Enquirer: 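Please see the structure below; I have some questions.
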Amino acid sequence: MITITLPDNSQKQFPEGVTSYQVAESISKRLAEAVLAAKVNDEVWDLNRPIAADAKLKLLKWDEDEGKMAFWHSSAHLMAEALEFFYPGIKFGIGPPVENGFYYDVDTGDRVISTEDLGKIEEKMKDLARQNNGYVRKDISKKDALEYFQKKGDEYKTELIGELEDGKITLYTQGNFIDLCRGPHLPNTGFIKAIKLLNVAGAYWRGDESRKQLTRIYGITFPQQKLLDDYLKMLEEAKKRDHRKIGRELKLFTFDDDVGSGLPLWLPRGGAIIDQLEKLARITETRAGYVRVRTPHIAKESMYRTSGHLPYYADSMFPPMELEGGKYYLKAMNCPHHHKIYLSLNPSYRDLPLRLAEYGTCYRYEKSGELFGLMRVRSLQMNDAHIYCTRQQFASEFRAVNDLYLNYFKIFGIDKYVMRFSTHHPSNLGKKYVDMPELWIETENMVRKVLVESNIPFKEVSDEAAFYGPKIDVQVWSAIGKEFTLATNQVDFAQPVRFGLSYINKNNQADTPICIHRAPLGTHERFIGFLIEHYAGNFPAWLAPDQAIVLPISEKHNERASTISAFLNNSDIRTFIDGSDNKIGKKIRDAELMKIPYMLIIGDKEAAGNSVAVRKHGAGDIGIMSVEDFTDKLKEEERIVFNR
RNA sequence: GCCAGUGUAGCUCAGCUGGCCAGAGCAGCUGAUUUGUAAUCAGCGGGUCGGGGGUUCGAGUCCCUCCACUGGCUCCA
């Protein structure tokens with residue numbers, strides 16, 4: 001007999017070789033039906049794998065991520081079986097579960113799998129699922145595994161096996177399909193009740209651009225049809241928040257073929273949002289001791305040689321313009337220009353920290369397939385600043401920048417984000433990274449300390465730093481689940497050296513400053529793209545393109561409406577009149593669709609009392625008030641943001 | 001850049017296997033209406049069907065090519 005310890009620390013005796021499924025059965029029949037896999041001593045196992053000795057056991061159902069992973073991993077094998085049926089001789093790469101579903105990378109030779117083919121594959125999968133075929137695990141020697149897949153002609157699997165340790169190789173078989181796999185899997189295919197193949201895509205073998213591109217098929221499966229229906233509905237809902245759709249509907253921005261792809265045109269209503277963001281940044285930065293500078297959009301080749309961006313970064317820059325025997329580049333970043341300003345100012349230690357801020361317009365030649373609405377563009381304006389400080393000032397400056405980020409997040413109500421802290425790896429010193437080991441360690445420790453002390457969730461990734469220092473990127477997600485770096489905060493102790501930046505210290509000696517690159521609001525393009533989705537177009541009044549719209553009940557109230565509108569405009573409130581001869585219901589509907597925060601309705605009653613009937617977007621009528629009271633109300637909403 | 005898909009009026013979309021197929025709704029304009037919290041009525045004007053080339057008696061419809069967009073891969077704010 002062996003002892004099985006369950007998560008609640010209760011213990012039960014079972015005969016040696018008992019399976020997790022049998023344990024589940026002994027608890028309840030319903031549990032046995034719902035359980036998908038089991039965690040045995042911190043390792044996820046198949047339900048029907050015999051347990052030989054005393055063990056901790058956790059039964060994994062659909063509500064556990066590890067249960068879902070086993071489910072989707074098994075689904076990938078099911079899809080592979082269907083694919084092999086339709087495309088004999090097909091070769092398989094990898095087929096893992098992912099956050100939402102699974103995929104399999106396959107090589108179909110000359111045959112093309114397109115979206116049209118997904119339906120029949122889906123049907124075949126449903127057939128196979130109904131057969132309740134078991135997923136059977138088998139240990140195999142490396143030699144036998146290689147022999148099997150070589151015979152099958154699958155060079156991808158043989159490549160994978162070649163890297164595995166002999167004695168730890170397992171195959172899984174279900175129905176007519178055998179796959180190299182570590183598992184774990186469902187007991188049988190019958191668990192998979194609802195199947196949807198989502199799309200086909202190209203994917204490079206092992207993520208390497210220089211290797212062959214395989215066909216990747218994405219799918220998702222569920223233990224019940226209703227869960228699939230819910231998931232598809234959720235996807236539809238997410239699409240409604242898509243900034244590209246809302247941007248068109250609310251007339252915020254557009255693209256034009258003649259201008260070029262990735263080059264957004266900001267319409268007046270989008271421009272108004274930018275104005276408010278810049279206002280917020282200006283106020284915030286002025287209070288934090290920043291000074292504003294302005295620099296040209298182009299610079300000569302020599303500067304980018306000095307900075308080190310050429311030739312390494314040249315692929316991401318627009319090709320140079322040649323004139324008067326020299327090459328000029330459109331700037332892809334603002335730092336070199338700012339370093340030149342530093343040189344011109346020739347500061348002493350008394351002038352540091354020097355914080356140079358600019359909403360600098362940059363141009364980056366992104367590959368055509370990488371463009372994505374406002375989130376990934378070729379012309380962008382950064383909420384950029386470079387802080388030059390001494391090593392002693394570094395900690396407090398970095399902390400201040402961090403606080404600035406958090407303050408912004410609070411204003412916008414951004415709570416779903418992850419700070420990605422990228423550090424160097426010592427093995428790449430002098431190669432990928434500047435060879436200043438003690439400075440790397442010192443600044444990384446400092447950055448880590450600030451993050452921990454500020455109680456900020458972050459994940460540390462080794463060997464992902466910039467060549468000039470460690471960095472923090474703020475990762476967020478678009479409505480349709482794409483991950484983006486929204487903002488960035490980088491430490492730089494390399495460029496100051498390259499540019500020969502220095503200051504005279506207290507001991508009358510030249511010293512090199514450290515530079516902090518920071519862009520807490522990222523770029524206008526990406527930040528507003530993100531905000532559109534974050535608010536689903538329902539911008540708070542301080543940020544909305546139009547804060548209020550004046551709606552006269554009938555034509556005879558138009559004059560009164562103009563007076564009120566003019567008064568509000570004079571109080572710096574962004575407003576206009578709906579002067580159409582539509583009925584009030586229609587005017588309200590139009591304003592609601594444009595998501596204008598406040599509607600001010602003017603009829604006989606209001607005209608008589610110098611008041612407006614206020615309707616709030618999405619909330620309805622909030623009562624009659626004087627024009628002054630409404631102005632104060634709006635001003636208060638702005639004050640909370642701008643004066644915090 | 002690569003793989004797969006899509007491209008019909010400002011927007012959302014119909015147009016089956018090539019032949020009275022260039023349409024609808026919304027938006028726009030004009031007129032009537034003067035309206036009390038999510039669509040008043042009527043009339044009118046919009047498209048060389050993404051660009052170019054080809055097949056055909058005949059092409060939104062089939063083929064080639066370029067461009068753009070969408071979903072991925074790679075790369076990044």
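Letters A, B, ... are given to chains in the order of the sequence lines, protein chains preceding strands, and every chain is numbered from 1. From a predicted model like this one, the values you see are computed outputs, not experimental measurements.
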Enquirer: Considering only atom P, compute the distance from B:G50 to B:G10 and round it to an integer number of Å.
Expert: 13 Å
Enquirer: Taking only the P atom of each, what is the distance from B:G18 to B:G60 in whole angstrom?
Expert: 13 Å
Enquirer: Assuming nearest nucleotide by heavy-atom distance, tell me which of A:Asp621 and A:Asp242 is located more 5' along RNA chain B.
Expert: A:Asp621
Enquirer: Which is true for A:Arg244 with a 4.0 Å heavy-atom rule: it touches a base, it touches only sugar-phosphate, or it touches nothing?
Expert: sugar-phosphate
Enquirer: B:U61 and B:U56: how far apart are their C1' atoms, nearest whole angstrom?
Expert: 13 Å
Enquirer: Within the structure shown, what part of the strands sits under 4.0 Å from A:Gly620 by heavy-atom distance: base, sugar-phosphate, or nothing?
Expert: nothing
Enquirer: May I ask you to say what A:Ala613 touches in the nucleic acid, namely base, sugar-phosphate or nothing, with a heavy-atom cut-off under 4.0 Å?
Expert: base
Enquirer: Write down the distance separating the C1' atoms in B:G1 and B:G58, rounded off to the nearest Å.
Expert: 40 Å
Enquirer: What nucleic acid atoms does A:Glu606 come within less than 4.0 Å of, heavy atoms only: base, sugar-phosphate, or nothing?
Expert: base
Enquirer: So what does A:Glu525 touch, heavy atoms closer than 4.0 Å: a base, only the sugar-phosphate, or nothing?
Expert: nothing
Enquirer: List in chain and number order the residues that pass salt bridge (Lys or Arg N to Asp or Glu O under 4.0 Å) with A:Glu555, two or more places apart in sequence or in another chain; answer none if no residue qualifies.
Expert: none
Enquirer: In dot-bracket, 5' to 3', how would RNA chain B read with Watson-Crick or G-U wobble pairs under 3.5 Å, [ ] for crossing ones and | for pairs to another strand?
Expert: (((((((..((((.....[...)))).(((((.......))))).....(((((..]....))))))))))))....
Enquirer: Run the salt bridge (Lys or Arg N to Asp or Glu O under 4.0 Å) test against A:Glu464 and tell me which residues pass, sequence neighbours left out.
Expert: A:Arg420
Enquirer: On RNA chain B, compare the nucleotides closest to A:Val112 and A:Leu371; which residue's is nearer the 5' end?
Expert: A:Val112
Enquirer: What residues form a salt bridge (Lys or Arg N to Asp or Glu O under 4.0 Å) with A:Arg241, not counting sequence neighbours?
Expert: none
Enquirer: Expressed as a whole number of Å, how far does the P atom of B:C63 sit from that of B:A39?
Expert: 46 Å
Enquirer: Provide the distance between the two C1' atoms, one in B:C64 and one in B:G46, to the nearest whole Å.
Expert: 32 Å
Enquirer: Would you list the atom pairs, donor with acceptor, under 3.5 Å between side chains in residues 100-110 of chain A and any protein atom, with sequence neighbours excluded?
Expert:
residue, atom, partner, partner atom, Å
A:Tyr103, OH, A:Arg216, NH2, 3.4
A:Tyr104, OH, A:Lys157, NZ, 3.0
A:Tyr104, OH, A:Asp179, OD1, 3.4
A:Tyr104, OH, A:Asp179, OD2, 2.4
A:Asp105, OD1, A:Arg216, NE, 2.7
A:Asp105, OD2, A:Arg216, NH2, 3.0
A:Asp107, OD1, A:Gly109, N, 2.9
A:Asp107, OD2, A:Tyr156, OH, 2.7
A:Asp107, OD2, A:Lys212, NZ, 3.2
A:Thr108, OG1, A:Arg111, O, 2.5

Enquirer: Tell me, please, which residues at least two apart from A:Arg518 pass salt bridge (Lys or Arg N to Asp or Glu O under 4.0 Å).
Expert: A:Glu285
Enquirer: Between B:C20 and B:U35, how many Å separate the two C1' atoms, rounded to a whole number?
Expert: 44 Å
Enquirer: Between A:Gln490 and A:Thr488, does any side-chain donor sit less than 3.5 Å from a side-chain acceptor?
Expert: yes
Enquirer: Do the charged groups of A:Glu606 and A:Arg560 touch, with an N to O distance under 4.0 Å?
Expert: no
Enquirer: I'd like the C1' distance from B:G51 over to B:C13, given in whole Å.
Expert: 23 Å
Enquirer: What side-chain donor-acceptor pairs closer than 3.5 Å can you find for residues 251-269 of chain A, not counting sequence neighbours?
Expert:
residue, atom, partner, partner atom, Å
A:Asp256, OD1, A:Asp258, N, 2.7
A:Arg269, NE, A:Leu250, O, 2.7
A:Arg269, NH1, A:Asp546, OD2, 2.3

Enquirer: Need two values: the first and the last nucleotide of RNA chain B, 5' to 3', having an atom under 4.0 Å from any heavy-atom of chain A.
Expert: B:G1 to B:A77
Enquirer: Does a donor on one side chain and an acceptor on the other come within less than 3.5 Å for A:Asn428 and A:Asp463?
Expert: yes
Enquirer: Taking ring pair (Phe, Tyr, Trp, His ring centres under 6.0 Å) as the cut-off, I'd like each qualifying pair that reaches into residues 575-616 of chain A, sequence neighbours left out, listed once.
Expert: A:Tyr598-A:Phe630
